[in-house]
Amino acid sequence: MDIKDVKTAELVKKYNFKFSKSLGQNFLVDDSVPRDIVSGADVNKEDLAIEIGPGVGTLTAQLLKTAKRVVAIAVSYTHLRAHETDQYL
(Lines give C-alpha, C1' and ligand atoms only; values in the text may rest on other atoms or scores of the structure.)
Protein backbone atom coordinates (compact mmCIF):
# COMPACT_ATOMS: atom_id res chain seq x y z
CA MET A 1 0.00 0.00 0.00
CA ASP A 2 1.32 3.40 -0.98
CA ILE A 3 0.83 6.28 1.48
CA LYS A 4 -0.55 8.31 -1.41
CA ASP A 5 -3.51 5.91 -1.44
CA VAL A 6 -4.34 6.07 2.28
CA LYS A 7 -7.98 5.34 3.12
CA THR A 8 -8.54 6.60 6.64
CA ALA A 9 -11.66 4.61 7.46
CA GLU A 10 -9.96 1.36 6.39
CA LEU A 11 -6.88 2.01 8.55
CA VAL A 12 -8.92 3.06 11.58
CA LYS A 13 -10.91 -0.16 11.34
CA LYS A 14 -7.91 -2.40 10.54
CA TYR A 15 -5.86 -1.18 13.53
CA ASN A 16 -8.80 -0.48 15.86
CA PHE A 17 -7.64 3.09 16.50
CA LYS A 18 -9.15 5.03 19.36
CA PHE A 19 -9.48 8.80 19.25
CA SER A 20 -8.08 11.07 21.96
CA LYS A 21 -10.24 14.10 22.62
CA SER A 22 -7.47 15.53 24.83
CA LEU A 23 -5.18 15.65 21.76
CA GLY A 24 -7.95 17.07 19.60
CA GLN A 25 -7.74 14.10 17.24
CA ASN A 26 -10.02 14.18 14.23
CA PHE A 27 -9.46 11.79 11.35
CA LEU A 28 -10.33 12.92 7.84
CA VAL A 29 -12.47 10.28 6.16
CA ASP A 30 -13.86 12.38 3.30
CA ASP A 31 -11.27 12.36 0.49
CA SER A 32 -12.24 15.87 -0.61
CA VAL A 33 -11.29 17.51 2.72
CA PRO A 34 -7.48 16.96 2.50
CA ARG A 35 -7.54 18.12 -1.14
CA ASP A 36 -9.45 21.25 -0.12
CA ILE A 37 -7.04 21.94 2.77
CA VAL A 38 -3.96 21.64 0.52
CA SER A 39 -5.59 23.69 -2.23
CA GLY A 40 -6.72 26.36 0.22
CA ALA A 41 -3.21 26.59 1.65
CA ASP A 42 -1.89 27.10 -1.88
CA VAL A 43 0.74 24.35 -1.46
CA ASN A 44 2.88 23.87 -4.57
CA LYS A 45 5.88 21.87 -5.87
CA GLU A 46 8.32 24.40 -4.37
CA ASP A 47 6.99 24.15 -0.80
CA LEU A 48 8.20 22.39 2.31
CA ALA A 49 5.09 21.33 4.24
CA ILE A 50 5.29 20.63 7.96
CA GLU A 51 2.41 18.65 9.43
CA ILE A 52 1.99 18.31 13.19
CA GLY A 53 0.07 15.20 14.26
CA PRO A 54 -0.26 13.31 10.96
CA GLY A 55 -2.48 10.59 12.42
CA VAL A 56 -2.81 7.82 9.84
CA GLY A 57 -1.48 10.03 7.05
CA THR A 58 -4.56 11.19 5.14
CA LEU A 59 -3.47 14.82 4.86
CA THR A 60 0.17 13.72 4.55
CA ALA A 61 -0.72 11.71 1.46
CA GLN A 62 -2.30 14.75 -0.20
CA LEU A 63 0.66 16.94 0.76
CA LEU A 64 3.04 14.39 -0.80
CA LYS A 65 1.20 14.74 -4.10
CA THR A 66 1.63 18.52 -4.06
CA ALA A 67 4.59 19.76 -1.98
CA LYS A 68 8.29 19.41 -2.77
CA ARG A 69 8.94 17.91 0.66
CA VAL A 70 6.79 16.93 3.64
CA VAL A 71 7.89 16.63 7.26
CA ALA A 72 5.29 15.00 9.53
CA ILE A 73 5.81 15.30 13.27
CA ALA A 74 3.88 12.83 15.42
CA VAL A 75 2.58 14.14 18.72
CA SER A 76 1.27 10.71 19.69
CA TYR A 77 2.92 7.48 18.64
CA THR A 78 -0.32 5.49 18.71
CA HIS A 79 -0.80 5.61 14.95
CA LEU A 80 2.77 4.85 13.91
CA ARG A 81 1.88 1.17 14.13
CA ALA A 82 -0.03 1.45 10.84
CA HIS A 83 2.84 3.26 9.13
CA GLU A 84 5.42 0.72 10.29
CA THR A 85 3.26 -2.31 9.49
CA ASP A 86 2.29 -1.08 6.05
CA GLN A 87 5.86 0.10 5.42
CA TYR A 88 5.08 3.80 5.09
CA LEU A 89 8.19 4.88 6.96
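Just so it is clear, the model here is predicted, and its values are computed rather than measured. We number each residue from 1, following the sequence as shown.
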Distance, nearest 0.5 Å, that separates [atom1] of [X] from [atom2] of [Y]:
{"X": "K68", "Y": "L63", "atom1": "NZ", "atom2": "CG", "answer": "16.0 Å"}
{"X": "K65", "Y": "K45", "atom1": "NZ", "atom2": "NZ", "answer": "10.5 Å"}
{"X": "T58", "Y": "I37", "atom1": "OG1", "atom2": "CD1", "answer": "10.0 Å"}

**Message:** Show the nearest heavy-atom pair for residues P34 and D30, with the distance to one decimal.
**Reply:** CD-O, 3.1 Å
**Request:** Compare every heavy atom of P54 with every heavy atom of A74, then report the nearest pair and how far apart it is.
**Result:** CA-CD, 3.8 Å
**Message:** According to side chain to side chain contact (heavy atoms under 4.5 Å, CB included), who are the partners of N44, at least two apart in sequence or on a separate chain?
**Reply:**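 Expected list: E46, D47.
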**Heavy-atom check, side chain of E51 versus side chain of L59, under 4.5 Å** =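 When only atoms from C-beta onward are counted, L59 and E51 do touch, with a gap below 4.5 Å.
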